[in-house]
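Bear in mind the structure is a predicted one, so any value in this text is a computation, not a measurement. Order of listing sets the numbers, starting from 1, for every ligand and every atom in it. These values consider heavy atoms only, across backbone and side chains, with no hydrogens, waters or symmetry-generated copies.
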Amino acid sequence: MQNSIRTNALVLAALLAGSFALESAARADEAWKNLPPGPIRDRIELMEKVGDDAKAINDALKAGTPADAAAPADDIVALIPKFDALFPEGSTSPDSRAKKNIWAAWDEFEAFSTYLTDAAAEVAIAARDGGDVKAASRKMFKSCKSCHKKFRLPKDDE
Ligand code: HEC
């Protein structure tokens, strides 16, 4: 009896520790939500939507329903042109992962974003015309990665 009470207490403590760890991980990922209103907050919020759209495109491919990639690809086409306008010179913050080199290499940064808009448009066309959505989205995902590699800081825990 005593033992099982102790075991239960230990299990409960372990469960609580686990859920606290999860909670703090979620909090670290959402640190941007504490940012004051302004371009830094807006651009991270916009990119989070792009992330959701990218996931929806991936899910459509995995589910074998590539036509479903059209709507999220359209969304990326609409969102990305607004992204560049949310980088006033020198707008960095401890809660932002934007690298300082963005402003020194502005033309290249814009070129990456234009490339993504065009690549997302190609995903939407392929999805509507029964084209090769997989190939088009592979090209699109490469552009996410290239821009992040050059212009986004790694996560603290990466
Ligand atoms: C033109 C460059 C560029 C392109 C292209 C780009 N990103 Fe980003 N992305 C950034 C930058 C810079 C940040 C960090 C912004 C900040 O923290 O202020 C970011 C942040 C994010 C975030 C927010 C969370 C985090 O980890 O910082 C997500 C999610 C994201 N990008 C997904 C994507 C996906 C998916 C694509 C491709 C469909 C993409 N991005 C394409 C530059 C880009």
Indicate yes or no for a side-chain donor-acceptor contact from Ser146 to the backbone of Lys142 under 3.5 Å, with no hydrogens or angles considered.
yes
So which atom in Ile102 and which in Phe151 form the shortest heavy-atom distance, rounded to 0.1 Å?
CG1-CD2, 3.6 Å
Which residue supplies the protein heavy atom nearest to atom 13 (C) of ligand 1, what is that atom called, and how far is it?
Arg152 CD, 3.7 Å
Compare all side-chain heavy atoms of Arg43 with those of Ser96 and state whether any distance is below 4.5 angstrom.
yes
Spell out, as yes or no, whether a donor-acceptor pair under 3.5 Å connects the side chain of Arg97 to the backbone of Leu153.
yes
What part of Arg43, side chain from CB on, backbone N/CA/C/O, both or neither, has a heavy atom under 4.0 Å from ligand 1?
side chain
Any idea which atoms of ligand 1 are less than 4.0 Å away from a heavy-atom of Phe151?
12 (C)
Evaluate the side-chain proximity of Ile80 to Met47: yes if any heavy-atom separation is below 4.5 Å, no if none is.
yes
salt_bridge(Arg128, Asp74) N-O dist < 4.0 Å
yes
Does ligand 1 have an atom under 4.0 Å from some heavy atom of Phe83?
yes
Under 4.0 Å from a heavy atom of Cys144: give me the atoms of ligand 1 that qualify, with their elements.
34 (C), 35 (C), 36 (C), 37 (C), 38 (C), 39 (C), 41 (C)
List the residues meeting side chain to side chain donor-acceptor pair (under 3.5 Å) with Glu45, not counting sequence neighbours, and say none if there are none.
none
Numbering as shown, the atoms of ligand 1 that approach Ala54 to under 4.0 Å (heavy-atom distance)
35 (C)
At a 4.0 Å threshold, what atoms of ligand 1 neighbour a non-hydrogen atom of Val50?
34 (C), 36 (C), 38 (C)
Taking all non-hydrogen atoms of both residues into account, name the closest pair between Trp32 and Glu48 and its distance.
NE1-OE2, 3.6 Å
Residue, atom and distance of the protein heavy atom nearest atom 43 (C) of ligand 1 read Met47 CE, 3.4 Å
Ser113 to ligand 1: N or O pair under 3.5 Å?
no
Out of Ser137, Ala98, Cys147, whose heavy atom is nearest to atom 3 (C) of ligand 1?
Cys147
Can you tell me if an N/O/S atom from His148 lies under 2.8 Å from atom 8 (Fe) of ligand 1?
yes
Residue, atom name and distance, where the atom is the protein heavy atom closest to atom 16 (C) of ligand 1
Ser96 OG, 3.3 Å
Atoms of ligand 1 close to Ser143 [distance to a heavy atom under 4.0 angstrom, numbered from 1]
5 (C)
So is Lys155 polar-close to ligand 1, meaning N/O to N/O under 3.5 Å?
no
Pro36 backbone acceptor or donor facing Arg41 side chain under 3.5 Å:
no
Keeping Thr114 on the side-chain end and Glu110 on the backbone end, is there a donor-acceptor pair under 3.5 Å?
yes
Taking distance alone, with no angle check, do Asp95 and ligand 1 share an N/O pair under 3.5 Å?
no
Taking only non-hydrogen atoms of Ile44 and a 4.0 Å limit, the atoms of ligand 1 in range are 16 (C), 17 (O), 18 (O)
Restricting to non-hydrogen atoms, name the atom on Ser137 and the atom on Leu61 that form the minimum distance, rounded to 0.1 Å.
OG-CD1, 3.2 Å
State, yes or no, whether a side-chain contact exists between Ile40 and Asp95 at a heavy-atom distance under 4.5 Å.
no
Considering heavy atoms of the protein only, find what lies nearest to atom 17 (O) of ligand 1 and give residue, atom and distance to 0.1 Å.
Arg97 N, 2.7 Å
Quick one: which ligand 1 atoms are inside 4.0 Å of a heavy atom on Phe109?
1 (C), 2 (C)
For Glu48, the ligand 1 atoms whose distance to one of its heavy atoms is below 4.0 Å:
23 (C), 24 (C)
